[in-house]
Structure formats: structure tokens, C-alpha cells
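Here is the structure we will look at.
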Amino acid sequence: MRAIPLTESEKITMKCVWDIGDGARLSRIMTLANDKYGKAWKPQTVSTFLGKLVRKGFVEQYRDGRYFYYRILIDKHAYRTQMIRDDVEFWDDDNLETYCSELFDKKTFSVKERKELKGIIENIKD
């Protein structure tokens, strides 16, 4: 199964929902997107992106009193791992050696970051 593609604005909106967690409200999502990602989005803009995320099955909208809230339907970790799998299959023709060599390329990460990444990989338990 391929990860459902998101536009850059949908990614930002969904990342904000994931960061806030279940029960996120439009006003908190908008504030986080504007503050963290330098956007100047208005409520209608964020509402449009949330509607697209509802249609794509990432979140569901529910009402409690006067406000609408959003419940997460697709787990961030599950989505990210599927995106990585899709990238390896598409960009690297399913070749993990190529993917890993790109991770450790000096253009991808600094020496310090590559050393940290190597330590993380060495300490992963099956």
C-alpha cells in the first residue's frame, strides 16, 4: 500500500494535528501552523486543508458544543514509515544499500549527524 500523497500545505496542517493530538481545534492548528511554519493562514484556509484531510481519511471531524474537533485516523509513525518505504521502492529501486549510502552521504548530514545516526542504527534492537 502506498502512502496517500499530501500537498505541502496538507502536510503542515496534518503535522500540526499530530503535534497537538486528538481533539485538536481549528484555532490551535492555525496558531501552530502560523507560529511554527511562518504561515499567515486565516481560519478559512486551515479549514479548507482540514476538509481535504477528512476526505483523504487522515482525520475525522466531530462537534462538541460550539466547536469542531479533529480525531486522528492515520498514525504519524505508520504514515512516515510507509513514506520511507515508498521512497526506497521508487527512488532507489528497492535497494536498501543505495538508500543507506544516501543517508550517510556528506551532503545529507553533517559528520556529527552521521556519527549519531550510525550509533542509533547500531543500538536498534530487533
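Hydrogens, waters and symmetry mates are skipped; everything else that's a heavy atom, side chains included, is used. Because the structure is a prediction, the values reported are computed rather than measured.
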**Request:** May I ask you to say whether Arg80 pairs ionically with Asp75, meaning some side-chain N is under 4.0 Å from a carboxylate O?
**Result:** no
**Residue list, side-chain contact (heavy atoms from CB on, under 4.5 Å) with Thr81, at least two apart or on another chain** = His77
**Asked** Okay, side chain of Asn95, backbone of Thr98: is any donor-acceptor separation there less than 3.5 Å?
**Response** yes
**Prompt:** Are Glu10 and Lys56 close enough for a salt bridge, meaning some N to O gap below 4.0 Å?
**Reply:** yes
**Item:** Nearest atoms (heavy-atom pairs only) where Leu50 meets Val59
**Value:** O-CG2, 4.3 Å
**Request:** Check Trp18 against Ile74 and note the closest heavy-atom contact, atom names and distance.
**Result:** NE1-O, 2.9 Å
**Request:** Go through the side-chain N and O atoms of Gln44 and Ser47 and say whether any donor and acceptor fall under 3.5 Å apart.
**Result:** no
**Request:** Give the C-alpha distance, both sets of side-chain angles, the deciding distance and a yes or no for side chain to side chain contact (heavy atoms under 4.5 Å, CB included) between Tyr70 and Asp22.
**Result:** CA-CA 6 Å; Tyr70 295 88; Asp22 276 337; over 6 Å; no
**Request:** Run the ring-centre check on Trp41 versus Phe49 and record whether the distance is less than 6.0 Å.
**Result:** yes
**Item:** Sub-4.5 Å side-chain heavy-atom contact between Phe58 and Thr13
**Value:** no
**Asked** Do you know which two heavy atoms are closest between Tyr37 and Asp19, and how far apart they sit?
**Response** OH-OD2, 4.5 Å
**Item:** Arg114 NZ/CZ over Phe109 ring centroid, <6.0 Å and within 45° of normal
**Value:** no
**Item:** Val111 vs Lys106, side chain to side chain contact (heavy atoms under 4.5 Å, CB included): CA-CA, chis, key distance, verdict
**Value:** CA-CA 7 Å; Val111 171; Lys106 64 183 176 185; over 6 Å; no
**For Met14 against Leu53, the heavy-atom pair lying closest together** = N-CD1, 3.8 Å
**Prompt:** Which pair of non-hydrogen atoms, one from Gly119 and one from Asn123, has the smallest distance, and what is that distance?
**Reply:** O-ND2, 2.9 Å
**Prompt:** So, Arg85 and Glu89, do they make that salt bridge, N to O below 4.0 Å?
**Reply:** yes
**NZ/Lys52: more than 12 non-hydrogen atoms of other groups inside 6.0 Å** = no
**Request:** List, by chain and then residue number, the residues other than Tyr67 in its hydrophobic cluster (Ile/Leu/Val/Met/Phe/Trp/Tyr, side-chain heavy atoms under 4.5 Å); write none if there are no others.
**Result:** Tyr62, Tyr69
**Item:** For Thr108 against Glu102, the heavy-atom pair lying closest together
**Value:** OG1-O, 2.6 Å
